[in-house]
Amino acid sequence: MALEYSFRSAFQSLWREKWINMLSMFTVFSGLLIISLISFFLYNFEVIANRLPERFSIIVYLNEKLSGEEINNVIDTLKKRQDVLSLKYISKDEALKEIKKVLRDSSHILEGLSENPLSSSVEIKLKKDYVTSSAVRQISGEIRMMSGVEDVQSGERIAEAIHLFKRSLQNISIIILAIISSGVIFVSYSTVKILFFRRKEEIDILKLLGATKGFIRAPFIIEGSVIGLIGGGLAAAGILGFYFAVTYRLSVYIPLFKMLILPQEILILLPLTGIMLGIIGSAIAIGRLKP
Amino acid sequence: MALEYSFRSAFQSLWREKWINMLSMFTVFSGLLIISLISFFLYNFEVIANRLPERFSIIVYLNEKLSGEEINNVIDTLKKRQDVLSLKYISKDEALKEIKKVLRDSSHILEGLSENPLSSSVEIKLKKDYVTSSAVRQISGEIRMMSGVEDVQSGERIAEAIHLFKRSLQNISIIILAIISSGVIFVSYSTVKILFFRRKEEIDILKLLGATKGFIRAPFIIEGSVIGLIGGGLAAAGILGFYFAVTYRLSVYIPLFKMLILPQEILILLPLTGIMLGIIGSAIAIGRLKP
Amino acid sequence: MIAFQNVSKHYDNNIVLKDISFSVQKAEMAFITGPSGAGKSTILKLMYMEERPDEGDIVIGDFHLASLKASKIPFFRRGIGIVFQDFKLIDNLTVIDNVALSLRIRGVSEKEVKTLAFTALKKVHLRHKADNFPKSLSGGEQQRVVIARAIVAEPFLVLADEPTGNLDSNTALDIMKVFRGINISGTTVIIATHNRELFRYTGKRVLKLDGGNLIGEEVG
Amino acid sequence: MIAFQNVSKHYDNNIVLKDISFSVQKAEMAFITGPSGAGKSTILKLMYMEERPDEGDIVIGDFHLASLKASKIPFFRRGIGIVFQDFKLIDNLTVIDNVALSLRIRGVSEKEVKTLAFTALKKVHLRHKADNFPKSLSGGEQQRVVIARAIVAEPFLVLADEPTGNLDSNTALDIMKVFRGINISGTTVIIATHNRELFRYTGKRVLKLDGGNLIGEEVG
Ligand SMILES: Nc1ncnc2c1ncn2[C@@H]1O[C@H](COP(=O)(O)OP(=O)(O)OP(=O)(O)O)[C@@H](O)[C@H]1O
Ligand SMILES: Nc1ncnc2c1ncn2[C@@H]1O[C@H](COP(=O)(O)OP(=O)(O)OP(=O)(O)O)[C@@H](O)[C@H]1O
Ligand SMILES: [Mg+2]
Ligand SMILES: [Mg+2]
């Protein structure tokens with residue numbers, strides 16, 4: 001049948017032009033590898049950047065004279081706020097212990113004190129989206145109004161820095177990925193186009209002999225998808241190898257690298273993308289096929 | 001003359017196959033842009049990482065009973081050490097001020113003290129190369145032995161972390177750059193090779209007509225270097241544009257980006273690399289030219 | 001069965017065919033002759049639609065070429081076997097696969113393909129070159145492969161452009177026998193040639209072309 | 001001046017030339033004839049070194065081809081003008097540039113190139129197609145461009161492989177006049193052809209080839 005012929009013809013041509021086909025395969029491979037390597041790093045940067053807001057906290061100093069029950073009321077009210085992720089009560093005694101830690105050997109200077117002069121406080125972590133200077137300003141203003149609250153220490157500027165760092169990282173990620181992806185796409189396209197020019201004569205002859213578009217296209221598309229599949233598979237193997245090299249070998253030195261995440265879907269996604277690229281590439285290269 | 005013909009022939013063919021030539025140009029452009037973008041980021045990471053050791057310091061606590069002269073002696077001895085980059089004397093009073101800052105509102109607890117219980121200290125910055133755990137351990141051991149020194153606080157683990165972070169960054173930079181560069185080289189090579197296959201028939205005819213290798217090669221090499229020059233020039237323009245976009249637009253949000261450095265040499269280096277790539281590419285593609 | 005109706009064709013400012021009208025009957029064998037550049041190949045190209053006429057219409061069987069939809073062209077062409085003047089063999093297929101291509105395009109089952117292709121090759125005395133690639137054949141051998149490819153699928157119309165230009169006269173006569181054979185079994189055959197030997201004493205109609213004009217007919 | 005000394009040539013297990021010996025004198029005009037696949041083109045290919053003999057030596061002028069260094073081949077070839085059976089025109093050069101290529105390769109100054117190329121084109125009646133590209137020429141026109149390219153640089157030897165396969169007999173006779181013209185002015189001319197018309201009544205030597213054997217000589 002025609003399908004049998006298409007497959008045979010595709011594989012014959014894969015073999016006959018193995019040299020050029022290997023080059024196209026490497027193009028797909030390199031392209032996908034470059035894109036996924038960069039995505040991998042940007043993704044992990046994002047993951048780390050996303051945890052930054054967790055480091056940010058607002059300290060609410062409570063009035064010294066509050067009773068235990070009143071303190072619980074304040075905490076409950078704070079907990080109910082939609083912008084609060086979690087909170088932690090720090091009693092006077094805990095605060096004093098912290099200070100003693102900071103003073104190190106010299107902590108004996110505090111021993112003469114008859115009474116603990118510190119306030120008890122509540123440390124609030126905000127939900128991610130509220131870590132911006134304006135939100136933090138508003139929230140600390142609201143909390144400052146609450147009865148029983150003596151002072152709020154908020155560090156709006158730190159919140160703003162975290163917020164902007166995240167946003168810029170996203171922007172840069174998008175710019176870099178866009179530039180590099182369009183580079184890779186250009187190159188793949190040009191490879192395919194050149195490959196097509198090479199076969200143009202053959203295609204013209206087939207048309208003159210009465211071949212339909214499907215008959216002409218089929219072997220090219222099969223060829224393209226095999227090249228794409230192999231290229232994509234190699235890219236998946238490459239990124240996997242890179243990931244293990246980095247996490248296993250380098251994380252011995254730097255534990256941070258153990259945290260790097262390689263989304264598993266990529267191992268299936270890359271070959272599939274390869275096939276898709278191959279098919280789309282061939283289809284575009286052959287073009288409209290005027291009769 | 002033959003040279004005149006070579007140039008005319010090269011430019012005719014540049015124009016005639018403008019479509020394919022534009023694609024090769026974009027290949028060079030994308031390849032160089034990708035490599036320089038990544039180098040740019042890695043380079044700046046390095047610059048930042050190289051400053052990390054500056055953040056590291058060793059605190060030398062001095063004996064409470066030292067006279068001003070004895071303190072000066074200790075400082076002089078420390079200054080003479082070859083591993084010391086700079087040092088800063090912190091008197092008792094300054095230390096107390098620091099603590100008061102830390103204690104914030106509650107600093108009144110310290111007011112009852114009749115005498116300052118803190119030690120005076122010296123903060124030492126080490127030269128870059130000595131910021132490793134073993135060096136730091138040895139140095140602080142040596143300093144601890146000095147008369148007049150009561151204690152040394154060194155944070156070997158931080159030194160080690162900084163050291164390893166720098167080293168890993170270098171390793172990863174090299175790996176990434178190697179992978180991506182070989183990808184780009186593969187792709188450029190394949191483009192050139194395919195272009196050559198396309199002209200193989202023409203070259204064979206020229207040989208049969210008695211053309212020397214030089215005669216055959218010259219137009220190809222001229223063509224290659226023009227394509228490379230334009231591709232490299234575009235890449236230089238691209239990285240410059242990217243640089244200004246990032247430093248001018250994003251540094252409004254994040255002052256950190258103002259620190260990014262773009263070595264100016266790259267603006268000349270890129271077009272030159274482009275030309276070299278073009279020439280080498282054509283030369284390799286044409287190959288040995290059997291008669 | 002084939003009719004040219006006031007057909008003109010030009011390239012840029014070069015008028016190649018001027019108001020050509022003629023017709024060829026079903027199962028007829030006809031020749032087109034004329035000097036180099038007269039327009040012989042152009043007439044054939046118009047018939048298999050590599051080119052389109054500027055004016056006039058061409059009718060071939062049930063197909064009106066001037067108004068034929070692009071999507072129908074492949075099916076139209078499958079009724080025709082063409083011997084191209086410049087061969088148009090596919091370099092990276094073997095001789096037998098080049099011939100078989102004609103059959104595969106027409107959807108002939110693989111079982112029959114080999115048998116039919118070998119039969120056609122045998123007719124042009126090239127059975128022994130079946131597994132060679134076109135570039136390793138002599139000029140005349142290549143030309144005979146093209147002829148085998150044109151006749152293998154038993155088209156209703158064969159268009160042959162200078163089919164013996166690279167053949168010695170004995171081989172040429174052999175090839176003419178092949179054409180006459182398929183013509184007798186009902187195929188229309190149109191041969192463009194400058195070689196008067198081919199139609200001399202055949203008793204077939206010869207259209208004489210010069211500078212894009214049909215300057216007369218004779219009987220060979 | 002040209003001598004084949006016991007030359008044999010085979011491809012894989014296909015023996016194409018068997019122990020061929022002959023010689024052609026300086027300024028002689030000689031023909032090689034024989035049926036399709038006889039080995040005519042192979043003999044010419046051996047002479048311009050597209051192929052190398054398996055056995056024997058070929059002497060052309062001062063060159064012993066069996067021991068000619070690769071680096072000398074371009075200079076050797078510049079003495080020869082070749083009409084290839086498959087044309088070998090460069091598709092993306094115009095007709096005039098294809099002809100001029102022969103001169104440029106030989107380092108002729110640009111001033112003379114145009115004049116000489118036009119003169120050669122005029123000889124084959126294609127002055128008006130100078131700025132066309134080869135693909136837009138008829139088969140016979142392309143063949144004449146190849147002939148113009150072969151003679152334009154006034155080589156000492158012209159090798160023509162089936163130079164009139166695509167030409168009607170009038171044009172072919174014209175072309176033969178061109179060949180005779182350069183032959184009279186001292187150029188050796190060797191023409192491989194199956195077309196007996198070309199050498200009939202010329203009084204020139206005709207080498208007869210069949211199945212790779214030199215089966216005799218006649219006078220045309
Ligand atoms: N694509 C084209 N563009 C411009 N002119 C063309 C084109 N194709 C053919 N011609 C011109 O049309 C004229 C007729 O060409 P055609 O190929 O029909 O001649 P022919 O009779 O087959 O000649 P031959 O015997 O030499 O093959 C020629 O002068 C040729 O140069
Ligand atoms: N590269 C090759 N590989 C294998 N066989 C070849 C090759 N080149 C030529 N031959 C064979 O050598 C034989 C002689 O070929 P050649 O081209 O010399 O014939 P010819 O006399 O020129 O024929 P024609 O008149 O058909 O052009 C042919 O049978 C051909 O198939
Ligand atoms: Mg023609
Ligand atoms: Mg031949």
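In what follows, chains are A, B, ... by sequence order, proteins preceding strands, each numbered from 1.
- Figure legend: cation-pi geometry between C/Lys114 and C/Phe118 absent, as NZ or CZ is not positioned both under 6.0 Å from the six-membered ring centre and within 45° of its axis.
- Heavy atoms closer than 4.5 Å to chain D are found nowhere in C/Asn195, neither backbone nor side chain.
- Judged by the 6.0 Å and 45° rule, C/Lys45 forms no cation-pi pair with C/Tyr48.
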Starting from the C-alpha separation in whole Å, work towards a yes-or-no answer on salt bridge (charged side-chain N to carboxylate O under 4.0 Å, His left out) for D/Lys208 and D/Glu218. CA-CA 8 Å; D/Lys208 287 163 58 173; D/Glu218 64 180 52; 3.1 Å; yes
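- Sparse packing is recorded around CD1 of C/Ile15, with 12 or fewer heavy atoms of other residues, nucleotides or ligands lying under 6.0 Å away.
- For chain D, the nearby part of C/Glu197 is the side chain; its heavy atoms alone come within less than 4.5 Å.
- Neither the backbone nor the side chain of C/Asp12 comes within less than 4.5 Å of any heavy atom in chain D.
- Between chain C and the options D/Ser169, D/Gly140, D/Ala172, the largest number of non-hydrogen pairs under 4.5 Å is found for D/Gly140.
- Among the residues in residues 84-93 of chain C, those with a non-hydrogen atom closer than 4.5 angstrom to a non-hydrogen atom of chain D are C/Gln85.
- Of all the heavy atoms in D/Leu214 and D/Ile20, the pair that sits closest is N-CD1, 3.7 Å.
- Of the two parts of C/Lys129, only the side chain, counted from C-beta on, holds a non-hydrogen atom closer than 4.5 Å to a non-hydrogen atom of chain D.
- A donor and an acceptor atom, one from each side chain of D/Asp168 and D/Thr171, are located under 3.5 Å apart.
- Contact of D/Glu162 with chain C is made through the side chain alone, with heavy-atom distances under 4.5 Å.
- With 3.5 Å as the limit, one finds no donor-acceptor pair spanning the side chains of D/Ser8 and D/Asp54.
- In this model, no donor atom of one side chain and acceptor atom of the other lie less than 3.5 Å apart for D/Thr187 and D/Asn183.
- For C/Glu154, the CD atom sits in a loose shell: 12 or fewer heavy atoms of surrounding residues, nucleotides or ligands are nearer than 6.0 Å.
- Interface remark: D/Asp161 contributes no atoms to any contact with chain C (heavy atom separation under 4.5 Å).
- Chain D forms more heavy-atom pairs under 4.5 Å with one residue of C/Ser138, C/Ser36, C/Gly37 than with any other, namely C/Ser36.
- Here the side chains of D/Asn213 and D/Asp19 are not in contact, with every heavy-atom distance at 4.5 Å or above.
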